[in-house]
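Right, one structure below, let's go through it.
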Amino acid sequence: MDTTDPSEVAESFWEKHYRARRTWGERANPLLVETAGPLHPGAALDLGCGAGGDAIWLARQGWRVTAVDISATAVERVRERARELGLGDLVTTEQHDLARSFPDGEFDLVSAQYFHTPFTLPRAQVLRTAARALRPGGLLLMVDHGSTAPWSWNQDPDTHYPTPTEIAAELDLDPEQWPILRADMPRRRATGPAGQTATITDNVLVLRRTL
């Protein structure tokens, strides 16, 4: 019988991924910039912060950011990068396997950018928890892959990418308390980690907490 802890397998995978990375905090996801740019800075939560581009960008706009990832290497290096840039007071990093734990606090913005993994994750449960961690008026921004890019780790041609409407249905949140502000599938020209370019689709869902 295989007694390997699935959480340990996932953590090991992402640790290997981020230990090989050489740059940190460089690029923010464009749909985060588009959504958060007009907002008054407050408290933000970055789910799966990865290389920290979103957390660093938010801090530069004046947000107080909690950046979480399953990888200890990712959270340590994002913390170090924030300090190097003089943003250490605005960026807090925490290691979480979000299938098992969730950061404390209330937030004005929760960002879940490409919150995907090749491992089992109770994604809808995590995102419902994120929605409940919003202060009234706060936004939950979810940006998912809507197509396969040449650099995607999943190249299965039969992959189904849930639409924003399908994602909203899976979350099953009260539309009176969390109305949908945006649900669309924009296309854009993107650049991959090795400099490749391709036109990709993003599946975007934005909810606001009203109560």
Exam field: side chain Trp178 to backbone Ala131, donor-acceptor pair closer than 3.5 Å | yes
Could you walk me through whether Arg79 and Arg83 pass side chain to side chain contact (heavy atoms under 4.5 Å, CB included), step by step?
-> CA-CA 6 Å; Arg79 183 188 308 122; Arg83 288 174 178 167; 3.5 Å; yes
Does some side-chain heavy atom of Leu98 sit less than 4.5 Å from a side-chain heavy atom of Pro103?
-> yes
Heavy-atom neighbours of Asp104 CG exceed 12 at 6.0 Å = no
With the 4.5 Å side-chain cut-off for hydrophobic clustering, are Met185 and Val206 part of the same group?
-> no
Single-linkage hydrophobic cluster Leu32~Met142, side-chain heavy atoms < 4.5 angstrom | no
Can we say Arg209 and Glu106 salt-bridge, meaning some charged N sits less than 4.0 Å from an Asp/Glu carboxylate O?
-> no
Closest heavy-atom pair and its distance - Asp69, Cys49 | OD2-N, 3.3 Å
How about Glu94 and Thr66: do any of their side-chain heavy atoms sit closer than 4.5 Å?
-> yes
Shared hydrophobic cluster, Val65 / Val143 (ILVMFWY, side-chain heavy atoms < 4.5 Å) | yes
Would you find more than 12 non-hydrogen atoms of other residues, nucleotides or ligands less than 6.0 Å from His40 atom NE2?
-> no
Determine whether Val110 and Leu134 make a side-chain contact, defined as any pair of heavy atoms from C-beta on separated by less than 4.5 Å.
-> yes
Distance in Å, Leu127 CG paired with Ile167 CD1, rounded so as to fall on 0.5 Å steps | 8.5 Å
Before accepting this row, confirm whether a basic side-chain N of the pair Arg81/Glu84 lies closer than 4.0 Å to the acidic partner's carboxylate O.
-> yes
How many angstroms lie between CG in Asp54 and CH2 in Trp63, if you round to the nearest 0.5 Å?
-> 12.5 Å
Ala55 and Val91 have their tightest heavy-atom pair at O-CG2, 4.2 Å
Distance from Glu15 atom CD to Glu8 atom CD, nearest 0.5 Å?
-> 12.5 Å
For Asp174 and Glu176, indicate whether the former's side chain and the latter's backbone hold a donor-acceptor pair under 3.5 Å.
-> yes
Carefully, step by step, assess Asp202 and Arg188 under the rule side chain to side chain contact (heavy atoms under 4.5 Å, CB included).
-> CA-CA 8 Å; Asp202 292 311; Arg188 63 183 174 89; 2.6 Å; yes
Is it true that Val204 and Leu109 fall in one hydrophobic cluster, defined by side-chain heavy atoms closer than 4.5 Å?
-> yes
Hey, mind stepping through His145 and Thr159 against side chain to side chain contact (heavy atoms under 4.5 Å, CB included) and telling me if it holds?
-> CA-CA 11 Å; His145 296 299; Thr159 297; over 6 Å; no
If you round to the nearest 0.5 Å, how far is OG1 of Thr165 from CD1 of Ile180?
-> 7.0 Å
So which of Leu141, Leu139, Leu207, Leu31 actually passes side-chain contact (heavy atoms from CB on, under 4.5 Å) with Arg182?
-> Leu31
Between Ala10 and Ile70, what is the shortest heavy-atom contact and its length?
-> CB-CD1, 4.0 Å
Minimum-distance pair of heavy atoms, taken over all atoms of Arg135 and Ala43 = NH1-CB, 3.7 Å
Is the backbone of Pro186 close enough, under 3.5 Å, to the side chain of Asp184 for a donor and an acceptor to pair up by distance?
-> no
Identify which one of Thr201, Asn203, Thr148 satisfies the side-chain hydrogen bond (donor to acceptor under 3.5 Å, both in side chains) criterion when paired with Tyr161.
-> Thr148
Of all the heavy-atom pairs spanning Leu47 and Ala130, show the shortest one and how long it is.
-> CD1-CB, 4.1 Å
Taken to the nearest 0.5 Å, the spacing of Arg123 CZ from His116 NE2 works out to 5.5 Å
Going from CD on Glu80 to OG1 on Thr93, what distance comes out if it is rounded to the nearest 0.5 angstrom?
-> 9.0 Å
Shared hydrophobic cluster, Val126 / Val9 (ILVMFWY, side-chain heavy atoms < 4.5 Å) | no
Heavy-atom side-chain proximity of Tyr18 to Val78 below 4.5 angstrom = no
Nearest heavy atoms of Val75 and Val68, plus distance in Å | CG1-C, 4.5 Å
